[in-house]
Amino acid sequence: MAALPSPLESARFIAERSRDVSVEEEGVRSLAEALFDKVSAEEFGVAGWKCLHELNPRAASEEAVSWVFLVDTLNFSFWSERDDRKCLVKYKGKSYSGYWSLCAAVNRALDDGIPITSALYYATMTLEQVRHVFRSDTEVPMPLIEERHRVLNESGTVLLEKFGGSFLTCVKMSEKSAQKLLRLVVENFPSYRDEAVFENKKVSFYKRAQILVADTWSVLEGKGDGCFGDISSLTIFADYRIPQVLVHLKAMKYSEELMKKLHEGVIFQSGDKQEVEIRGCSIWCCALICKHLLELYEKKGQDMSEKINAVLLDYYLWDYARDHREDMKDIPFHRVRCIYY
Ligand SMILES: Nc1nc2c(c(CN[C@H]3C=C[C@H](O)[C@@H]3O)cn2[C@@H]2O[C@H](COP(=O)(O)O)[C@@H](O)[C@H]2O)c(=O)[nH]1
């Protein structure tokens, strides 16, 4: 399979030609300055993945890696048409929405003795079993449940046939290279092939493949099989929350025409020109923020290349978006129904 341009090369290509989305140099600079003190905090580092999120596994075991693979295989499209009618999953007395509703449903199933993180189980799960495991505690079901069923069967079958049913085996084959693991995932698991065509050129985003590598790095705490020497080569993960927060923080800007469509709640198709511009510019914008942050520290004689990378910036911005929903309500997120993000 001929390799496509990397997500970073794709992002640069898109940002240089984008018409409805622009990266705001001044906004990038001031956001980097605003983040300057935050990045040296403990929770900004890889430890934040566990200490900030109660549903994430505590262990760094094979089972924890299997949890990550299952969750990131289903890590797409949680947004609801109406904010007052959405899928919620109750777990240990707390109600979770969006991405966290997925994690809550997985942990609920495990507590109920359902081996949901085992490829042997989800490779042959029926649609009814998937509906049961990922059932909502409201009348609104989790979106794209049929696609989730298909993707589970497909990924479980590949994991059994090629990696002995264990994603840790795939991780070990990457020999501590994030890029090699990314390639192994994209080449072997079709649902992770998050690609598009922009101005007649193939481009890649690999949002779920990259977040899978990042979450594997996080769950293994950057140690042992998860000690990826090239983790900084990953980009942010082009979902529907990061663009929203970048526009809110004025590092990125939408044209009036695009903003109008977003306010009208237009549903975009995966691969639409404006959708590709939103995703490509988000990746490029965050690459520039990381670059500025490193330069700001360099000026102070500090090499922060171990502490600042697109993965940690992404996690911070995504959590920020979660915690500032109310402040961001004037910036609509772009709506796509797809299995890629
Ligand atoms: N760029 C980026 N996108 C991310 C994540 C995560 C979950 N990662 C967390 C887990 C541990 C880490 O510490 C992260 O905090 C989910 N998503 C995407 O968001 C969307 C769901 O949003 P909402 O409807 O509001 O729940 C959907 O496209 C989903 O694929 C991330 O980290 N980065």
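Counting starts at 1 for both ligands and their atoms, in listed order.
At a heavy-atom cutoff of 4.0 Å, ligand 1 is contacted by both the backbone and the side chain of Y99. The part of I211 lying near ligand 1 is the side chain, judged by heavy-atom distances below 4.0 Å.
No close placement of the F44 and Y315 rings is indicated, their centers lying 6.0 Å or farther apart. Taking the six-membered ring for Trp, F69 and F189 have ring centres closer than 6.0 Å. For an aromatic pair to be called close, the ring centres must be under 6.0 Å apart, and H334 with Y341 satisfies this.
Under the side chain to side chain contact (heavy atoms under 4.5 Å, CB included) criterion, V46 pairs with W217, S218, not counting sequence neighbours.
Looking only at distances, a side-chain donor or acceptor of D239 sits under 3.5 Å from a matching main-chain atom of R241. Side-chain N or O atoms of K50 include one that pairs as donor or acceptor with a backbone N or O of R58 at under 3.5 Å.
For the residues K207, R325, H53, the heavy atom positioned nearest atom 30 (O) of ligand 1 is part of K207. Considering each of W318, W100, W79, the one bringing a non-hydrogen atom nearest atom 10 (C) of ligand 1 is W100. Considering only non-hydrogen atoms, atom 21 (C) of ligand 1 lies nearest to Y240 out of Y240, F76, Y316.
Counting only residues at least two apart or on different chains, the salt bridge (charged side-chain N to carboxylate O under 4.0 Å, His left out) pairs with a member in residues 258-284 are D194-R279, E199-K273, K260-E264, K273-E277.
The protein atom (non-hydrogen) at minimum distance from atom 33 (N) of ligand 1 is D314 OD1, 2.6 Å. Annotation: atom 29 (C) of ligand 1 to nearest protein heavy atom, N75 OD1, 3.0 Å. Of the protein's non-hydrogen atoms, the one nearest atom 14 (C) of ligand 1 is Y315 CD2, 3.8 Å. From the protein, the heavy atom lying nearest to atom 12 (C) of ligand 1 is W49 CD1, 3.5 Å. Closest to atom 15 (O) of ligand 1, if we only count protein heavy atoms, is D319 OD1, 2.8 Å.
In the vicinity of Y341, heavy-atom distances shorter than 4.0 Å reach the ligand 1 atoms 28 (O). Proximity to R322 (heavy-atom distance under 4.0 Å) selects the following atoms of ligand 1: 23 (P), 25 (O), 26 (O). Within ligand 1, the atoms closer than 4.0 Å to a non-hydrogen atom of N56 are 11 (C), numbered from 1 in the order shown.
If you check the side chains of D20 and Q274, you find a donor sitting under 3.5 Å from an acceptor.
For the pair K201 and F13, the cation sits on the ring face: its NZ or CZ lies under 6.0 Å from the ring centre, inside 45° of the axis.
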